[in-house]
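Residues take their numbers from the sequence shown, with the count starting at 1.
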Amino acid sequence: MSAGDKKQVDSPLGYDEFLRVDVRVGTIIKAEAFPEARQPAFKLVVDFGSEIGMKKTSAQITVHYSLEALPGRQVAAVVNFPPKQIGKFMSQVLVLGFPDENGDIVLLEPDRAIPNGGRMS
């Protein structure tokens, strides 16, 4: 795609549709290896505060992050998708990120501390 080309955006969402996607901030409490995953990934436990609680997820973030660096990091996640079975592991939320120039995921995270469970608005 050249600098002047723009990707065609899929059909626009209405604002009410957008609000149905529940994106919350949470703090990673635990990170561990996920050797059974087809693609390199980590298992995460994320604290979304008293309203939502602790949720598990897997994330293909092994290129830019180490297991030791993840606990304590805040992340954004969709908390109202249905759970997804990944091998023997049930992922309960979708942690959000963007692909870098090589397609490796960089986490979407707030630049300031936010109370766990804060909803994107």
Quick check: are there more than 12 heavy atoms from other residues, nucleotides or ligands sitting under 6.0 Å from CD of Gln85?
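More than 12 within 6.0 Å, yes.
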
For Phe18, all residues meeting ring pair (Phe, Tyr, Trp, His ring centres under 6.0 Å), sequence neighbours excluded
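Phe18 satisfies ring pair (Phe, Tyr, Trp, His ring centres under 6.0 Å) with no residue once adjacent residues are dropped.
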
Nearest non-hydrogen partners of [X] and [Y], listed with the distance:
{"X": "Ser91", "Y": "Thr57", "result": "OG-OG1, 3.1 Å"}
{"X": "Ala31", "Y": "Leu67", "result": "C-CD2, 3.7 Å"}
{"X": "Phe89", "Y": "Ser58", "result": "CE2-N, 3.7 Å"}
{"X": "Leu108", "Y": "Phe98", "result": "CD1-CE1, 3.7 Å"}
{"X": "Val23", "Y": "Ala76", "result": "CG1-CB, 4.2 Å"}

Mind checking whether [X] and [Y] have side chains closer than 4.5 Å, heavy atoms only?
{"X": "Ile61", "Y": "Leu107", "result": "yes"}
{"X": "Phe81", "Y": "Asp22", "result": "no"}
{"X": "Leu44", "Y": "Lys56", "result": "no"}
{"X": "Arg24", "Y": "Glu51", "result": "yes"}
{"X": "Asp104", "Y": "His64", "result": "yes"}

Under the side-chain hydrogen bond (donor to acceptor under 3.5 Å, both in side chains) test, residues paired with Glu36 that sit two or more places apart:
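Checked Glu36 against side-chain hydrogen bond (donor to acceptor under 3.5 Å, both in side chains); zero matches.
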
side-chain hydrogen bond (donor to acceptor under 3.5 Å, both in side chains) against Thr62, all qualifying residues, sequence neighbours excluded:
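In terms of side-chain hydrogen bond (donor to acceptor under 3.5 Å, both in side chains), with neighbours along the sequence ignored, Thr62 is linked to no residue.
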
First locate atom [atom1] of [X], then atom [atom2] of [Y], and finally report the distance between them rounded to the nearest 0.5 Å.
{"X": "Arg73", "Y": "Ile28", "atom1": "CZ", "atom2": "CD1", "value": "7.0 Å"}
{"X": "Ile86", "Y": "Gln39", "atom1": "CD1", "atom2": "CD", "value": "11.5 Å"}
{"X": "Glu109", "Y": "Thr27", "atom1": "CD", "atom2": "OG1", "value": "10.5 Å"}

Between Leu96 and Leu19, is there shared hydrophobic-cluster membership here, with clusters defined by ILVMFWY side-chain heavy atoms closer than 4.5 Å?
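Yes, because Leu96 and Leu19 connect within a single hydrophobic cluster, where side-chain heavy atoms sit under 4.5 Å apart.
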
So, does Asp100 use its side chain to make a donor-acceptor pair with the main chain of Val106 at under 3.5 Å?
no

Verify the ring-centre separation between Tyr65 and Phe42: is it less than 6.0 angstrom?
no

